[in-house]
Amino acid sequence: MLDLKFIRENVDLVKQSVKNKNEKADIDALINLDEKKRKAQFEFDNLRAEQNRVSKEIALLKKEKKDASELLSEMQSLATKIKEISVDLSDLSASLDTYVLTVPNIPHSSVKIGKNEEENTIIREWGEKREFSFTPKEHTEIAEGLNLLDITRGAKITGSGFPVYTKHGALLERALINFMLDFHIQKHGYCEVMVPHIVNRQTMTGTGQLPKLENDMYHINEDDFFLIPTAEVPVTNLYANEILPLDKIPQKLVAYTPCFRREAGSYGKDTKGLQRLHQFNKVEMVRFVHPDDSWTILEEMCQDAEEILQALKLPYHVLSLCTGDMSFASAKTYDLMVWVPGAQKYLEVSSVSNFTDFQARRANIRLRDADGKVNFVHTLNGSGLATPRTFIAILENYQNEDGSITIPDALLPYMHGMTRI
RNA sequence: GGAGAGGUGGCCGAGCCGGCUGAAGGCGCACGCCUGCUAAGCGUGUGUAGGCUAAUCCCCUACCGAGGGUUCGAAUCCCUCCCUCUCCGCCA
């Protein structure tokens with residue numbers, strides 16, 4: 001969330017960014033509420049000060065065995081008044097909180113203002129698209145020929161969007177996960193964490209998924225728990241409500257988790273095969289950094305993600321998202337789009353974002369700076385990468401005319417000696 | 001799931017038959033002094049948030065797991081919930 005004081009002092013900027021992000025936060029109502037709340041707070045503080053002062057007098061009188069009944073009866077009405085105001089005050093702060101949580105992060109000045117994904121900018125391209133001597137097939141056809149997936153039985157045991165990976169498909173999926181984890185740990189110096197796949201409401205609010213995306217989450221009623229839509233949620237919240245010493249910053253974490261998304265409202269869009277799933281695997285990088293460094297680190301993290309595609313020799317381009325296509329909490333986002341020759345298009349396999357202090361303020365993650373002052377950290381995260389579409393890209397880019405696929409060199413150590421499937 | 005104990009400041013740890021306790025004492029840390037050599041001693045300081053303010057000084061308010069209640073007044077009493085530990089049960 002944004003700092004209330006910042007919102008108060010930059011009303012126009014905040015309103016503009018709400019608009020640019022296609023959000024609906026009512027800033028005027030928020031400001032109005034904020035004024036009321038502060039007024040109530042002021043009144044409350046003063047009355048409490050009075051109450052505290054007189055209470056001390058009463059204590060003294062009692063100590064000296066003097067009569068305090070006059071003061072006591074006076075204080076009764078004050079106590080009643082304080083109670084009334086404190087009810088108002090907590091109502092006001094509760095609704096103010098809900099308002100503040102609906103205000104999106106301010107996009108960085110380098111982000112293009114635009115309505116939707118059509119206005120994103122390609123900022124670089126990598127790799128050569130392979131020339132095929134035959135017509136490349138789509139991944140669904142390749143997977144079927146090689147028995148890598150069992151979409152039908154996945155749908156039977158759970159529902160559509162819950163794929164089953166079979167035999168070499170399962171091995172390839174696991175190889176991808178392990179390859180990515182090892183790569184980030186060994187080449188980029190990340191520290192692996194294994195985290196719960198189910199989190200509570202506070203955690204889901206900390207990273208900004210709630211309240212906006214509640215309908216997109218799988219929810220467990222009895223405990224008010226949520227299945228994580230990304231490892232970003234549990235990993236970023238690891239340090240919620242903590243003040244980190246400077247020597248713990250920067251922090252580079254990487255985690256593999258499955259991700260669960262209801263994808264409400266996106267039915268029928270890109271649903272073929274593994275393109276859009278309710279459960280999928282992802283390796284996620286999360287970083288906690290000093291506010292001065294986050295823009296440099298964003299570039300670095302994007303490279304970290306790109307290097308996975310480079311190691312797999314998969315052609316891709318990098319998009320800088322426009323304001324309208326960025327997520328609620330992000331200040332700037334790069335998407336990595338991998339080329340898939342069968343379907344003849346680019347698929348998003350990674351999203352790398354700088355959240356500045358937006359998530360840190362929500363989750364209350366702070367650092368003690370060199371001067372001893374306490375500040376919010378900056379958080380960033382990036383997929384490195386989501387496996388299903390990487391899986392698709394491997395099938396389609398590495399396919400042979402006979403329907404087999406060649407294993408990319410980078411994955412060979414993880415494939416039990418196989419060079420082809 | 002059953003029984004018991006407990007959750008206090010960076011850490012340890014008092015307070016818990018309500019009233020100068022935002023919180024003793026110790027450790028740690030910072031600065032200073034002294035001394036001089038990889039130490040000890042002495043002094044001072046050392047939470048977060050909001051308000052006030054030119055101000056990181058004062059001053060006011062809130063916070064002793066979370067949320068309610070009783071009271072003029074609660075870390076201290078009552079209720080609900082959460083978590084940790086020990087024992088038992090169950091189980092990978």
Side-chain angles (χ1 to χ4, degrees), chain A residues 1-9 30-31 33-101 194-206 210 219-226 234 237-249 251 288 291 357-377:
Chain A
M1 63 184 155
L2 298 179
D3 184 16
L4 251 179
K5 203 181 277 177
F6 178 87
I7 298 177
R8 215 180 282 147
E9 289 164 3
L30 188 152
I31 294 290
L33 212 51
D34 176 51
E35 267 168 34
K36 277 189 188 159
K37 189 237 164 179
R38 288 198 299 156
K39 217 171 147 191
Q41 181 77 56
F42 182 75
E43 201 175 345
F44 176 82
D45 283 357
N46 285 337
L47 291 175
R48 280 293 271 178
E50 170 74 2
Q51 187 180 50
N52 287 340
R53 196 179 56 74
V54 178
S55 284
K56 274 176 193 164
E57 277 179 37
I58 293 173
L60 276 175
L61 286 176
K62 293 228 167 177
K63 212 172 187 178
E64 294 166 16
K65 308 268 187 216
K66 289 182 184 162
D67 178 43
S69 53
E70 198 178 319
L71 280 181
L72 282 179
S73 59
E74 271 177 40
M75 292 309 286
Q76 265 169 23
S77 63
L78 183 60
T80 316
K81 207 165 163 189
I82 288 177
K83 197 161 285 177
E84 281 170 16
I85 291 180
S86 81
V87 171
D88 288 352
L89 186 59
S90 60
D91 285 353
L92 284 170
S93 6
S95 47
L96 185 59
D97 287 348
T98 59
Y99 267 99
V100 174
L101 288 179
M194 271 196 190
V195 292
H197 301 163
I198 297 177
V199 298
N200 60 33
R201 181 171 288 274
Q202 191 196 328
T203 297
M204 206 56 107
T205 308
L210 292 181
H219 181 245
I220 297 165
N221 246 322
E222 286 86 337
D223 307 289
D224 198 22
F225 287 162
F226 296 85
N237 280 284
L238 280 174
Y239 297 114
N241 299 315
E242 291 191 37
I243 300 176
L244 299 169
L246 209 52
D247 59 19
K248 277 204 136 192
I249 294 285
Q251 187 91 215
F288 302 84
D357 60 359
F358 189 85
Q359 291 181 328
R361 187 171 280 107
R362 283 187 168 226
N364 198 24
I365 308 167
R366 294 172 293 175
L367 70 93
R368 192 173 299 279
D369 219 326
D371 58 5
K373 290 219 180 103
V374 173
N375 275 315
F376 288 105
V377 302

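Lettering of chains follows the sequences in order, A, B, ..., and the numbering in each one begins at 1.
B:G19 is paired with B:C72 under the criterion used here, namely a Watson-Crick or G-U wobble arrangement in which both key atom distances are under 3.5 Å. Base pairing of B:C63 is made with B:G47, judged by Watson-Crick or G-U wobble geometry with both donor-acceptor distances under 3.5 Å.
Of the side-chain N and O atoms in A:Asn46, none sit less than 4.0 angstrom from OP1 or OP2 of B:G51. For A:Asn52 and B:G73, the shortest distance from a side-chain N or O to OP1 or OP2 is not below 4.0 Å. For the pair A:Arg48 and B:A62, the criterion of a side-chain N or O lying under 4.0 Å from OP1 or OP2 is met. Residue A:Gln41 places no side-chain N or O under 4.0 Å from the OP1 or OP2 atom of B:G51.
Of the candidate nucleotides B:U48, B:A62, B:G19, B:G19 has the atom nearest to the side chain of A:Ser55.
When rounded to the nearest whole Å, the span between CG of A:Asp45 and P of B:G50 equals 13 Å. As rounded to whole Å, 15 Å separates atom P of B:C64 from atom CG of A:Asn241.
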Protein within reach of the bases, or only the backbone? For nucleotides 6-11 of chain B, mark each nucleotide 5' to 3' as B, S or -, using heavy atoms under 4.0 Å. ------
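When heavy atoms are screened at a 4.0 angstrom cut-off, A:Lys62 is found touching base atoms of the nucleic acid. Within 4.0 Å of A:Glu74, counting heavy atoms only, lies no atom of the nucleic acid at all.
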Derivation of the salt bridge (charged side-chain N to carboxylate O under 4.0 Å, His left out) call for A:Asp369 and A:Lys373: CA-CA 5 Å; A:Asp369 219 326; A:Lys373 290 219 180 103; over 6 Å; no
